[in-house]
Asks: 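Quick one: the structure is below, questions incoming.
Since the model is a prediction, treat every value here as computed from it, not as a measurement. Every number for a ligand or one of its atoms is a count from 1 in the order of the listing.
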Amino acid sequence: MEIKELQKIIQENGVVGAGGAGFPTYAKLDERANTILMNCAECEPLLKLHRQLLEKHAYEIMKTFQLVADTVGASESIIGIKKSYIQTVNALNQHIEEFPNMRIHLLEEVYPMGDEVVLIYEATGRVVRPGGLPIEQGVAVFNVETIYNVYRALENQPVTDKYVSVVAEVSNPVTVRVPIGCTLDEVVAQAGSVTIKDPVYFVGGPMMGRIGSGSEPVTKTTNAILVLPKDHTIVTKKQRTSSIDLKRAASICCQCNTCTDLCPRNNLGHPIDPALFMRAASNQDYRDLNPYLDANFCSSCGVCEMYSCPQSLAPRSLLADMKAGLRKAGVRPPQGVQASPVPSAREYRKVPEERLMARLALTRYDKEAPMDESLVPVSKVKVLLSQHIGAPAQAIVKPGDQVTRGQIIAAPANGLSVAIHATIDGKVTEVTDRHIIIAKK
Ligand code: SF4
Ligand code: SF4
């Protein structure tokens, strides 16, 4: 198949990265890619979705992955998967001989193994430069559900559903398939009863997720909902304010350097130095601006503030504020920066996931969340027009229109954008520049 033909199918069927920021997948198909990499590292603790999906649909996903490799002309395709996902690895091994240019790369149980830059180094030995794109190293990375959605797109099934894991304080942790646009409350209800009073929904993984509300809609990037007590350490860390974080840093940062020593990007030779930044920012020292400008090279993985810092300070949050401030002020990230050689100590500075879970008081929530693939029925959906990086899709329906599941309701805008589809049969009851609401007939 020609690249343009596959790109058109993927864009029209609304496929975006099924996690993270939702980068439109068609834009990743690039003939400069000599290697394509499937991310089955399940980057954050407690997430179970990708290993289960890959185990259940191993052949379809591998076949589609090979098709993507052939289409872009990549000579090698690599499935990066944690070695502890034994059942999934077994499922892959049943078919791997059929794909001579495909190999399985087993990964350690460390965080953040699913970070694209870390994964590329682990699987290929190549270092993406600070602020650079994987394609500059000849690599394109896709996650498991994204490739599964490409498979469905090739079968004329657009992205209308999302797999979501519900874990932690629920009676039956589960991974379910729901129509995009249903509420988080409706998803959590699939996991039996909530086992605590006043739960907080944490959307995404414990390291990079955020606090959500029960009425907000599921999008193409919603991977997991952690149901947590309101005084859980992850929740309280998210509720801190920057001005207090900065005052705390000024008074108790002991400059131990642990945050820098364990920073996964620093350990790939990128010039991000959270300890130096904390010293400069908390003392309002502007003699050297590099610690501030280098905030652009932080991946927001959270290792520094969720794991490393013995004083429970918040380098990641303060770096995020700095990044946002620089962007608002129109200051561009430093250009053309190259990485230093990867330090030999990197091997000893990896963060074991088991230790991370213990430190975050998550170990007791590390249970199976079996996948149920039957589609959860809902009576109403609120489908957002911007579920991806780039321009929001443009509504092409109006209130009163009858729509069927899978029908395009918003067309891709000019520039980077994908189509959005009806996720249930029903009548359009509201259209704004942000969303479309559909109620069941
Ligand atoms: S969040 Fe912290 S540990 Fe992660 S890349 Fe940024 S500075 Fe490094
Ligand atoms: S780990 Fe914490 S105390 Fe140590 S230098 Fe970093 S911010 Fe300061």
Asks: Could you tally the protein N/O/S atoms lying less than 2.8 Å away from atom 4 (Fe) of ligand 2?
Replies: 1
Asks: Within a distance under 4.0 Å of any heavy atom of Pro264, pick out the atoms of ligand 1 and give their elements.
Replies: 3 (S)
Asks: Please determine whether a side-chain nitrogen of the Lys or Arg among Arg364 and Glu169 lies less than 4.0 Å from a carboxylate oxygen of the Asp or Glu.
Replies: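 Result for this pair is yes, salt bridge flagged.
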Asks: With heavy-atom distances below 4.0 Å as the criterion, list the atoms of ligand 1 near Ser299.
Replies: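 Per the distance check, 5 (S), 6 (Fe).
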Asks: Can you sort out which atoms of ligand 1 are near Arg316, meaning under 4.0 Å from one of its heavy atoms?
Replies: 1 (S)
Asks: Anything under 30° is parallel, anything over 60° is perpendicular, the rest tilted; go ahead and classify His95 against Tyr59.
Replies: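 The arrangement is tilted - the two ring planes meet at 30° to 60°.
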Asks: Can Lys323 and Asp294 be counted as an ion pair, charged N to O under 4.0 angstrom?
Replies: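 The answer is no: the pair does not qualify as a salt bridge.
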Asks: Taking non-hydrogen atoms only, is Ser300 closer than 4.0 angstrom to ligand 1 via side chain, backbone, both or neither?
Replies: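 Just the backbone.
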Asks: Nearest to atom 1 (S) of ligand 1, what protein heavy atom do you find, and at what distance?
Replies: Gly302 N, 3.3 Å
Asks: Would you say Cys263 has an N, O or S atom lying under 2.8 Å from atom 2 (Fe) of ligand 1?
Replies: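 Given the 2.8 Å cut-off, Cys263 does not count as a ligand of atom 2 (Fe) of ligand 1.
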Asks: So if I count the atoms of ligand 1 from 1 in the order they appear, which ones are less than 4.0 Å from some heavy atom of Leu319?
Replies: 7 (S)
Asks: Looking only at protein heavy atoms, which one is nearest to atom 6 (Fe) of ligand 1, and how far off is it?
Replies: Cys298 SG, 2.4 Å
Asks: For the residue pair Gln157 / Tyr151, report whether a side-chain donor-acceptor contact shorter than 3.5 Å exists.
Replies: no
Asks: Which of these, Val144, Leu107, Leu92, sits in a side chain to side chain contact (heavy atoms under 4.5 Å, CB included) with Ile81?
Replies: Leu92
Asks: Would you say Tyr201 and Glu216 are linked by a side-chain donor-acceptor pair, where the criterion is simply a distance under 3.5 Å?
Replies: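 No, because no side-chain N or O of Glu216 sits under 3.5 Å from a partner of the opposite role on Tyr201.
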Asks: For atom 4 (Fe) of ligand 1, what's the nearest protein heavy atom and its distance?
Replies: Cys301 SG, 2.3 Å
Asks: Applying side-chain hydrogen bond (donor to acceptor under 3.5 Å, both in side chains), name anything that partners His105, two or more places apart in sequence or on another chain.
Replies: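 Once residues adjacent in sequence are excluded, the partners of His105 under the side-chain hydrogen bond (donor to acceptor under 3.5 Å, both in side chains) criterion are Arg103.
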Asks: With a 4.0 Å cut-off, would you call Arg32 and Glu136 a salt bridge?
Replies: no
Asks: For Thr25, give me all partners under side-chain hydrogen bond (donor to acceptor under 3.5 Å, both in side chains), at least two apart in sequence or on another chain.
Replies: none
Asks: If you measure only the distance, is there a donor-acceptor pair under 3.5 Å linking the side chains of Thr260 and Asn266?
Replies: no
Asks: Nearest protein heavy atom to atom 2 (Fe) of ligand 1, by residue and atom, and its distance?
Replies: Cys304 SG, 2.3 Å
Asks: Only counting residues at least two apart or in another chain, list the ones meeting salt bridge (Lys or Arg N to Asp or Glu O under 4.0 Å) with Lys350.
Replies: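 Lys350: salt bridge (Lys or Arg N to Asp or Glu O under 4.0 Å) contacts with Glu108, Glu122, Glu347.
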Asks: Looking at Pro274, which atoms of ligand 1 are within less than 4.0 Å of one of its heavy atoms?
Replies: 7 (S)
